[in-house]
Amino acid sequence: MTEYDVLADVYEWLISDAKLPPAEFAASFDDVLSLLPSNAHVLDCSCGTGQLAVGLAGLGMHVVATDASEAMIRRTAELSEEFGASVRAVRANWEELPEHFEDDTFDMVFCVGNSLHHAAGATGRGAALESMSRLLRPGGRLVLTSRTWERVRARGSRLDIGDRLVRRNGRDAVVVYRWEIAPHWEDEHHIEIAIAQVDATGLVLVRSELLSCWPYRYEELEVELHRVGLRTEVSTFILRPRTTWWSRARCRHRALRPWPVRAVRCFSLRRSSRLAGRKAAGEWRRPRTAGCRFCR
């Protein structure tokens, strides 16, 4: 499992301006949050630096945040203290979740920020999804975002250098992604992320980390979700020539404003109360194109 211990200290440079405030991060999921009671129990697994978890706690929910990285958990606890939010932060990877929580504990589980591809192959991914599904109460939902790996692999190995300076904590930085795309889908891929900070004297400080990832096709993920007792309720997955679009998952009979997604597929999944009859039922939405930027 990839740790993110180096990037944890500079992770805010990877979060978009719009999602840096915790309340705004939580508001980007207001469509699914509207389905919850005010005192809902929510898990944010792979919580990163805690923006979403703290934003959810600010809405009065009972929030638990987990991450495989000890450094990310430390930063989540610090952010919770800064905002006076009640968030229980626990270091745990996906497979360890059942060791910390009883089955049927949460009304909603979030797995966002393109984190699922860090699970080691189909076996690791299946184990992660099984753990998340077990923790959901009957009728509960898993909210998942993921890169569109069909597009990522099509572009091949490359170097992506940010076209603007990102300013955080009074310091500018350039974000660089180096992609190592393996020949086959099932092979281990790599993403190296570097944050090149420029200090007041003009010196450049670089923090970088090489991360392992195992991509998957949309159809594979659908099968794996159904296998652990989840059925797709809403999906924004679509393949287009563009890498950026506006979309908003919609609940039936309710119109909602759009939200920005960049090369991301977002699932809202409901756990079946009768796991013996796992029938897939999907609702597809075609997003409207726009030129926004998105990253967690």
Side-chain angles (χ1 to χ4, degrees), residues 1-2 25-26 29 32-48 50-57 59-70 72-73 76-77 80 85-120 122-146 216 221-235 249 266-278 280 296:
M1 179 69 185
T2 302
F25 204 130
F29 293 101
V32 291
L33 295 178
S34 68
L35 304 175
L36 293 171
S38 59
N39 62 344
H41 291 259
V42 177
L43 171 65
D44 179 13
C45 59
S46 300
C47 63
Q51 270 73 17
L52 176 58
V54 171
L56 294 173
L59 298 175
M61 300 179 186
H62 302 282
V63 180
V64 177
T66 63
D67 202 283
S69 167
E70 191 68 53
M72 288 295 198
I73 289 300
T76 295
S80 300
S86 178
V87 175
R88 179 187 172 193
V90 178
R91 197 225 65 83
N93 62 37
W94 292 303
E95 292 85 349
E96 295 169 337
L97 290 175
E99 300 173 14
H100 294 273
F101 311 104
E102 298 289 337
D103 290 359
D104 305 334
T105 295
F106 298 102
D107 300 291
M108 187 168 287
V109 172
F110 285 87
C111 181
V112 300
N114 302 314
S115 57
L116 186 61
H117 60 227
H118 294 308
T123 300
R125 195 166 55 250
L129 293 171
E130 173 67 27
S131 294
M132 291 183 247
S133 179
R134 283 180 55 180
L135 300 185
L136 282 171
R137 293 171 177 168
R141 289 175 171 87
L142 167 65
V143 181
L144 167 68
T145 66
S146 170
Y216 43 83
L221 183 59
E222 282 272 83
V223 170
E224 292 163 351
L225 290 166
H226 297 156
R227 187 176 295 147
V228 298
L230 296 169
R231 64 176 177 84
T232 305
E233 189 173 62
V234 175
S235 170
C266 177
F267 296 90
S268 174
L269 302 128
R270 181 188 293 273
R271 180 182 177 187
S272 172
S273 58
R274 295 189 302 171
L275 297 184
R278 298 170 179 170
R296 184 179 178 191

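Both backbone and side-chain heavy atoms feed into the values below; hydrogens, waters and symmetry mates do not.
Note that the NE2 atom of His41 and the CG atom of Leu36 stand 11.0 Å from one another [nearest 0.5 Å]. With rounding to the nearest 0.5 Å, the separation of CZ in Arg137 from OG1 in Thr105 is 7.0 Å. Here CG of Leu135 is found 11.0 Å from NE2 of His100. Values are rounded to the nearest 0.5 Å. Separation of atoms CZ (Phe101) and CZ (Phe106) is listed at 4.5 Å; rounding is to 0.5 Å. Note that CE of Met61 and CG of Asp44 are 12.0 Å apart. Values are rounded to the nearest 0.5 Å. Rounded to the nearest 0.5 angstrom, His226 NE2 and Arg231 CZ are separated by 9.0 Å.
Side-chain atoms of Thr145 come within 3.5 Å of backbone N or O of Gly113 as a donor-acceptor pair.
Shown here are the side-chain contact (heavy atoms from CB on, under 4.5 Å) partners of Asn39, two or more places apart in sequence or in another chain: Pro37, His62. Not counting sequence neighbours, the partners of Glu224 by the side-chain contact (heavy atoms from CB on, under 4.5 Å) test are Ala122, Arg125, Leu129, Leu221, Arg227. Shown here are the side-chain contact (heavy atoms from CB on, under 4.5 Å) partners of Ala77, two or more places apart in sequence or in another chain: there are none. In terms of the salt bridge (charged side-chain N to carboxylate O under 4.0 Å, His left out) criterion, Glu70 has no residue partners (sequence neighbours excluded). Residues forming a side-chain contact (heavy atoms from CB on, under 4.5 Å) with Ala89 (at least two apart in sequence, or on another chain): Ile73, Thr76. Annotation: side-chain hydrogen bond (donor to acceptor under 3.5 Å, both in side chains) contacts of Arg88 (sequence neighbours excluded): none.
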Checking side chain to side chain contact (heavy atoms under 4.5 Å, CB included) for the pair Ser46/Trp94: CA distance, chi angles, key distance, verdict?
-> CA-CA 8 Å; Ser46 300; Trp94 292 303; 3.1 Å; yes

Walk me through it: do Ser133 and Leu230 pass the test side chain to side chain contact (heavy atoms under 4.5 Å, CB included)?
-> CA-CA 7 Å; Ser133 179; Leu230 296 169; 4.1 Å; yes

Stepwise, does the side chain to side chain contact (heavy atoms under 4.5 Å, CB included) test hold for Leu225 with Leu142?
-> CA-CA 10 Å; Leu225 290 166; Leu142 167 65; 4.2 Å; yes

Side chain to side chain contact (heavy atoms under 4.5 Å, CB included) between Val42 and Leu33, worked out = CA-CA 10 Å; Val42 177; Leu33 295 178; 5.7 Å; no

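Between Gly55 and Ala26 the shortest heavy-atom distance is C-CB, 3.6 Å. Taking all atoms of both residues into account, the shortest heavy-atom contact from Ala53 to Val87 is O-CG2, 3.8 Å. What you find for Leu136 and Asp104 is that their closest heavy atoms are O-OD1, 3.2 Å. Contact between Val228 and Gly126 at its shortest, heavy atoms only, is CG1-O, 4.2 Å. The heavy-atom pair separating Gln51 from Phe25 by the smallest distance is CB-CD1, 3.6 Å. Considering all non-hydrogen atoms of both residues, Asp67 and Gly48 come closest at OD2-N, 3.0 Å.
Between Met108 and Leu56 there is no side-chain heavy-atom pair separated by less than 4.5 Å.
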